[in-house]
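Take a look at the structure below.
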Number of protein chains: 2
Amino acid sequence: MDPHLLRTYVTVARLASFSEAARELGYTQSAVSQHIAALEADLALPLLTRRPVAPTPAGERLLEHAGALLLRLDAARADLDRFAAAPRATLSVAASPLALHARTLAALPATGVTLRALPREAVPAAVATGEADAGLVDGIAAPSDPLRLSDVAPLAATGVAEEPLAVVLPTTHPLAGRSGLRLDDLVDARWLDAPAAGLPLDRLRGAHGGPAGRGFRTALRYEGTDTRTLAALAAAGHGLALLPAPVAADVAGATAVPLIAPRLVHRTELLLPTASRAEPGGPVAEFTRRLKS
Amino acid sequence: MDPHLLRTYVTVARLASFSEAARELGYTQSAVSQHIAALEADLALPLLTRRPVAPTPAGERLLEHAGALLLRLDAARADLDRFAAAPRATLSVAASPLALHARTLAALPATGVTLRALPREAVPAAVATGEADAGLVDGIAAPSDPLRLSDVAPLAATGVAEEPLAVVLPTTHPLAGRSGLRLDDLVDARWLDAPAAGLPLDRLRGAHGGPAGRGFRTALRYEGTDTRTLAALAAAGHGLALLPAPVAADVAGATAVPLIAPRLVHRTELLLPTASRAEPGGPVAEFTRRLKS
DNA sequence: ACTGCCCATCAGGAACGCTTATACCGGGCT
DNA sequence: AGCCCGGTATAAGCGTTCCTGATGGGCAGT
């Protein structure tokens, strides 16, 4: 299970073609064919069907492993490279959309910043692989509890902000007049499923009083990243949305009601590679200092 | 960063000797020397000091990465091997000591079981690498919240038991008469630090009302795995111990007082490799069924 | 049936990686 | 000081691996 073989395997699986993968990787088609054959021989399992080229069940599993493995390999290399790297004057920050709010934006240096918005789960990977110097992730957690982040590599996470959560309801909704909502009040509600723009609902699962396995019924799935659109959808009655209270309060044509039970908050964390012995006075150290003060 | 190179690197670092590592790996000393040289050239960093052989700071970091990487590689191979493997009649279970209680022990099949007690953090690795067919881990969590496990590989975790927590105090302790204790009552107390026999205290950190960074003051560190000894130490006044209530209640010469705030429980989870399409009627499926019923 | 596309296979040459042999370096002994 | 000894680095040689280029075979569309 040579990483090179894994790399060609994931490329072939992604492109669904040996020849395409060969072009992308700078190999000949023959080499790619041999790579796959070597992997299949090593594991004594068929990994891909040919014509059409698609992963077998075993191949699907290998894809998961290979992805994580290659990511971790990149992370290791990036981490070690930082040891030798010269101090940089610019700062590159990867952030999930809702991690960008007044508190974190105010801490960004005035110049030399590259800000990249990424889906929530891609932020740790970006920091680990060195694509970003620092990361900002948000999520739902119990008060003063750390977020559950996928540990692609050893990253240092520190909390930088916590805000209440609020449910966005159409003003005409029967519960819109409440001063606070319990999740139990909403077990029958339809939710908006917007992993990129909103908050991941599944974190709530099992945390409320009901049976742990109980999922959330979703009315509409929104795959964009725009919170304004999400709020508009909620206002239009396409489903309920869960947002940080400050964000939810700004929504026109809808009412934001704080979530009071279970006791959960919207939390933002700063992610740094543990190897970043952020040189004093450098942009990373400065950013960190301003976030913590 | 070939895994072979990483493997020899960690071996050299562990044995603090090129020659010893060569013997253990079945290479010549020359090959080992070349492996290390290749790694150092690739990363353009010195990884080891010679005479004595010890990792440099960069080398220390590489050790962390390499360990995780090799573990994940083993996990991947084991996972894929399970696809082709023939159904087995025996069941091998890896468990952390406190995960073994009436509820879980009752679910074990009558025959053909190998039970291996491991430190808490080694259980996921054992299941992932196929050393065990299933794992039982325990830990502290909020009620009906999953445990925070290191994700060496995709494992399926399901809760199988939750019990209250109790603090073990000497009968003469001023707080021994209480019917329940809050963690805040105990901020000044001395604790027993027994990661193998007891529960990891650091999970409590930040969860109680006080400042999040605040640690626990420990009086004595016990590195054994025997709960009875831990309890005896607590009874003898060497420090407080935190244990699952049913276990704590059995301690002679000491008093167990339930922990009522923060609301945390002792939770036990079953760990299965996601690839185990546990064939119906097989020992793994049987064990799972009896645990869930 | 023919043709185009794509994957598998084969043979040859370059590159890699291991071993054997030897040089080098530092510490301890006489 | 000189010598030996344990241990690492370097050099040369050789077997294996791995990639390329060429060729064969299967499937689909024309």
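The figures here come from the full heavy-atom set of this structure, side chains too, leaving out hydrogens, waters and symmetry mates.
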Worksheet entry | Test: A:E20 and A:R14 ion pair at under 4.0 Å | no
Response to the item:
Per atom distances to the A:A31 side chain, the nearest of D:dC19, C:dC10, C:dC7 is D:dC19
Worksheet item: Starting at CG of A:L48 and ending at C1' of C:dC6, how long is that distance when rounded to a whole Å?
Response: 14 Å
Worksheet item: When the ring centroid of B:H238 is compared with that of B:Y222, is the distance short of 6.0 Å?
Response: no
Worksheet entry | Note: A:D2-A:R7 ion pair, threshold 4.0 Å (strictly below) | no
Fill in: Student check: side-chain heavy atoms of A:L63 and A:P55 closer than 4.5 Å
yes
Fill in: N or O in side chain of A:H4 less than 4.0 angstrom from D:dC18 OP1/OP2
no
Discussion item. Regarding B:V32, tell me which of base, sugar-phosphate or nothing describes its non-hydrogen contacts under 4.0 Å with the strands shown.
Written reply: nothing
Practice prompt. Specify the residue among B:A37 and A:Q34 whose closest nucleotide of DNA chain D lies further upstream toward the 5′ end.
Written response: B:A37
Discussion item. Once hydrogens and angles are ignored, does a donor-acceptor distance under 3.5 Å link the base of C:dT9 to the side chain of A:S30?
Written reply: yes
Worksheet item: Atom CD of A:E40 and atom P of C:dC7: how far apart are they, to the nearest Å?
Response: 13 Å
Fill in: Shortest side-chain distance from A:R51, nucleotide among C:dA11, D:dA11, D:dG26
D:dG26
Item to complete: Name the closest nucleotide to the B:T28 side chain, picking from C:dT19, D:dA9, D:dG21.
Response: C:dT19
Practice prompt. Write down the distance between CD1 (B:I36) and P (D:dA9), rounded to a whole number of angstrom.
Written response: 9 Å
Worksheet entry | Nearest-Å distance for atom pair CG/P, residues A:D42 and D:dT17 | 13 Å
Discussion item. Please pick, from C:dC7, C:dC18, D:dT8, the nucleotide with the shortest atom-to-atom distance to any side-chain atom of B:R50.
Written reply: D:dT8
Worksheet item: So does B:Y27 get a side-chain nitrogen or oxygen closer than 4.0 Å to the phosphate oxygens (OP1/OP2) of C:dT19?
Response: no
Worksheet item: Please give, in whole Å, the distance from D:dT20 P to A:R23 CZ?
Response: 14 Å
Discussion item. Rounded to whole Å, how long is the line connecting atom CD of A:Q29 with atom C1' of C:dT9?
Written reply: 10 Å
Worksheet item: A:D2 has an atom CG; how far is it from atom C1' of D:dC19, in whole Å?
Response: 14 Å
Worksheet entry | Euclidean distance, atom CG of residue B:L25 to atom C1' of C:dC18 [Å, nearest integer] | 13 Å
Worksheet item: Below 4.0 angstrom from OP1 or OP2 of D:dA9, is there any side-chain N or O of B:S33?
Response: yes
Worksheet item: Just checking, any donor-acceptor pair under 3.5 angstrom between side chains of A:R77 and A:T129?
Response: no
Worksheet item: Using a cut-off of less than 4.0 Å, is there contact between a side-chain N or O of A:S19 and OP1 or OP2 of C:dC7?
Response: yes
